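Taking it in order: structure first as structure tokens, then the write-up.
Order of the sequence lines sets the chain letters (A, B, ...), proteins ahead of strands, with each chain counted from 1. Everything numeric in this text was worked out from a predicted model, so none of it was measured.
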2 protein chains.
Amino acid sequence: MSSERTGQRVLVTLRRMISAGELAAGERLAEIPLAERLGVSRMPVRMAFRELEQEGLLVRAGARGFAVRAVSPEQIIGAVEVRGVLEGLAARLLAERGASEAVLDTLKTCLKEGDALFENGCFAEADAPLYLDLNIRFHAAIIQASGNLAIQEALSRNDHLPFASVKALAIDRNNLAAEYKRLNYAHIQHHAIVEAIAAGQGARAEALMREHANAVLRYTELDPAREGVAILRGS
Amino acid sequence: MSSERTGQRVLVTLRRMISAGELAAGERLAEIPLAERLGVSRMPVRMAFRELEQEGLLVRAGARGFAVRAVSPEQIIGAVEVRGVLEGLAARLLAERGASEAVLDTLKTCLKEGDALFENGCFAEADAPLYLDLNIRFHAAIIQASGNLAIQEALSRNDHLPFASVKALAIDRNNLAAEYKRLNYAHIQHHAIVEAIAAGQGARAEALMREHANAVLRYTELDPAREGVAILRGS
DNA sequence: ATTGTATAAATTGTATCCAATTTGTGGGGG
DNA sequence: CCCCCACAAATTGGATACAATTTATACAAT
């Protein structure tokens with residue numbers, strides 16, 4: 001058997017099964033049936049359970065076993081609020097310390113790519129992954145450049161909750177005009193954030209980034225199970 | 001053998017050994033020697049390693065094994081900044097939603113206990129654990145009452161870094177007069193925070209709580225290894 | 001003398017076995 | 001008729017055995 005590979009495979013398989021809904025929220029998970037279902041022994045499953053508990057995807061079910069975490073809309077809103085203050089802190093720190101030319105270049109590249117996406121005045125379905133990708137790079141650049149590792153760690157935990165991360169984007173294919181307006185607004189915020197960071201305006205950068213996180217809250221108004229609603233996931 | 005107990009014992013033992021410095025920062029940990037040293041098999045140690053990695057006390061050392069995380073003063077400052085914005089968010093949410101009478105009672109009890117501690121105008125060494133305990137209850141009450149579970153989760157990760165938590169208090173026994181002033185100032189901030197929450201002043205409560213977190217930064221000016229400096233740990 | 005390769009030792013991951021605890025069910029007693 | 005206790009079944013945690021990978025060291029060749 002290939003050492004080191006089985007555990008990782010079990011981990012990503014369980015993550016996928018949970019976020020895809022194959023394992024229902026609240027469902028109790030036992031080691032033996034899952035191990036047999038995946039064709040491995042109980043040991044990799046045990047390790048994966050602990051890992052997934054730390055990631056927030058599983059919760060301990062009483063004294064025995066784990067259960068898929070049921071996440072309420074209120075919890076998603078709470079996680080988005082947390083993301084807002086954390087990314088707001090990152091933006092303020094970066095503005096106060098001053099962004100290097102390299103960081104500003106990265107951010108401005110994201111701005112340019114977005115400008116190209118939105119200049120047509122409308123939105124094609126194929127544009128969504130492009131926006132998702134540049135959005136991920138934009139936020140990651142600010143968090144990294146803030147120089148505060150604790151922000152990154154706190155966010156990496158928070159981001160495991162579905163819909164609370166910048167790495168997931170829910171798109172309503174039946175309402176591309178509305179989605180255009182929503183994402184275009186977010187992109188204009190990106191411009192303002194870079195402006196504030198480049199000008200060293202820490203408080204403004206922080207306020208803008210907080211409001212920017214709130215823009216994502218619209219996601220929760222979309223029923224993921226409805227026809228035409230797609231959920232894109234980034235790297 | 002006592003099932004379920006061994007794993008927990010190994011976990012708390014390793015936590016204590018790390019924070020007590022018995023395992024030096026940067027030191028590489030192997031499963032077999034540690035398991036023998038603790039008198040258990042490799043399995044509980046393996047589980048504990050994964051848990052401690054998630055808590056931020058260990059980091060993966062290349063492709064093989066783990067190492068005790070070396071934490072720099074900058075990282076502590078970063079973690080305190082994160083705590084500031086998270087607890088600030090909790091205080092604002094609580095103020096905006098309105099605190100129940102029960103929560104206000106809990107907070108006011110903490111205020112009264114602190115008033116009694118500081119009314120003498122000086123500070124005895126035996127007072128430090130009492131202040132630590134009321135401080136823990138004060139912060140826990142606000143975080144819980146905020147109704148945002150994501151804050152609590154983010155903080156529980158962040159708090160595992162030494163000195164970044166409200167649950168640890170460094171006291172310089174040779175400078176009790178200075179410590180009196182420092183903790184008394186923090187207690188006055190507690191009063192102002194409760195006032196803002198009770199009055200529904202969200203922005204004020206948030207600003208106060210952020211500044212309150214910064215008051216802890218003085219901890220980092222104390223060399224933990226110096227004579228007379230004691231580090232108290234709460235529940 | 002230095003570098004590359006091969007072999008050996010150490011360490012990590014995986015599987016199976018055993019013990020202990022918990023939960024569910026059935027029977028007996030109040 | 002309901003409740004409590006006991007026993008059985010299931011499930012989880014711990015230990016040991018085994019396989020695979022990585023690293024270090026030694027020897028040889030250039």
Side-chain angles (χ1 to χ4, degrees), chain A residues 1-18 22-70 156 160, chain B residues 1-18 22-70 153 156-157 160:
Chain A
M1 283 295 173
S2 48
S3 165
E4 169 90 16
R5 259 193 184 93
T6 310
Q8 290 301 315
R9 202 196 54 191
V10 169
L11 202 51
V12 300
T13 303
L14 288 180
R15 277 207 204 94
R16 186 189 50 74
M17 290 171 79
I18 291 171
E22 290 178 44
L23 300 172
E27 179 178 349
R28 225 174 123 178
L29 299 182
E31 292 176 2
I32 299 177
L34 255 183
E36 289 175 356
R37 186 170 164 185
L38 299 177
V40 297
S41 83
R42 281 174 48 215
M43 209 52 62
V45 177
R46 281 180 59 161
M47 306 295 271
F49 277 6
R50 304 312 193 284
E51 174 83 26
L52 294 170
E53 182 199 13
Q54 294 298 327
E55 291 183 6
L57 273 66
L58 297 183
V59 290
R60 291 203 115 90
R64 198 83 151 240
F66 293 84
V68 179
R69 178 174 182 178
S156 77
H160 281 107
Chain B
M1 284 294 173
S2 47
S3 165
E4 169 89 20
R5 259 192 184 95
T6 310
Q8 291 300 314
R9 202 197 55 191
V10 169
L11 202 52
V12 299
T13 302
L14 287 180
R15 278 206 202 94
R16 185 189 52 74
M17 290 171 79
I18 291 172
E22 291 178 44
L23 301 172
E27 180 179 349
R28 199 168 143 209
L29 299 182
E31 293 175 1
I32 298 177
L34 255 182
E36 289 175 355
R37 186 170 164 183
L38 299 177
V40 297
S41 83
R42 283 174 46 215
M43 212 50 64
V45 177
R46 275 175 73 88
M47 308 293 262
F49 277 7
R50 305 312 193 280
E51 173 84 27
L52 294 170
E53 182 199 12
Q54 294 298 328
E55 291 182 5
L57 272 67
L58 297 183
V59 290
R60 292 204 114 91
R64 197 86 149 242
F66 292 84
V68 180
R69 178 175 182 179
E153 290 181 3
S156 75
R157 301 286 186 284
H160 281 107

Over all atoms of both residues, closest heavy-atom pair of [X] and [Y]:
{"X": "A67(B)", "Y": "G26(B)", "result": "CB-O, 3.9 Å"}
{"X": "A35(B)", "Y": "S41(B)", "result": "CB-O, 3.6 Å"}
{"X": "E27(B)", "Y": "E22(B)", "result": "OE1-O, 4.4 Å"}

### Task
Could you go through the side chain to side chain contact (heavy atoms under 4.5 Å, CB included) check for V12(A) and R15(A) one step at a time?
CA-CA 5 Å; V12(A) 300; R15(A) 277 207 204 94; 4.0 Å; yes

### Task
Check every strand shown and say whether G65(A) touches a base, only sugar-phosphate, or nothing at a heavy-atom separation below 4.0 Å.
sugar-phosphate

### Message
Between the base of dT12(C) and the side chain of R64(B), is there a donor and acceptor pair under 3.5 angstrom?
### Response
no

### Query
Are E55(B) and L52(B) close enough, and set up right, to give a side chain to side chain contact (heavy atoms under 4.5 Å, CB included), and what steps lead you there?
CA-CA 5 Å; E55(B) 291 182 5; L52(B) 294 170; 3.7 Å; yes

### Task
Starting at CD of E31(A), measure out to CZ of F66(A) and round the result to the nearest 0.5 Å.
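Spacing of CD (E31(A)) from CZ (F66(A)) equals 8.0 Å.
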
### Task
Output, in order, the C-alpha distance, side-chain angles, deciding distance and verdict of side chain to side chain contact (heavy atoms under 4.5 Å, CB included) for V68(B) and L58(B).
CA-CA 5 Å; V68(B) 180; L58(B) 297 183; 4.2 Å; yes

### Query
Does anything in residues 23-33 of chain B reach DNA chain C, meaning a heavy atom under 4.0 Å, and if so which residues?
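Under 4.0 Å from DNA chain C: L29(B), A30(B), E31(B), I32(B).
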
### Task
Go through residues 39-55 of chain B and report each residue with a non-hydrogen atom lying under 4.0 Å from DNA chain C, sorted by number.
R42(B), M43(B), R46(B), R50(B)

#### Entry: dT30(D) pairs with, by Watson-Crick or G-U criteria that keep both distances under 3.5 Å
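Per the H-bond distance test, dA1(C).
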
### Task
In sequence, state the C-alpha distance, the side-chain angles, and the governing distance for R50(B) and Q54(A), and then conclude on side chain to side chain contact (heavy atoms under 4.5 Å, CB included).
CA-CA 9 Å; R50(B) 305 312 193 280; Q54(A) 294 298 327; over 6 Å; no

### Task
Send over the distance from E36(A) CD to dT11(D) P, rounded to a whole Å.
10 Å

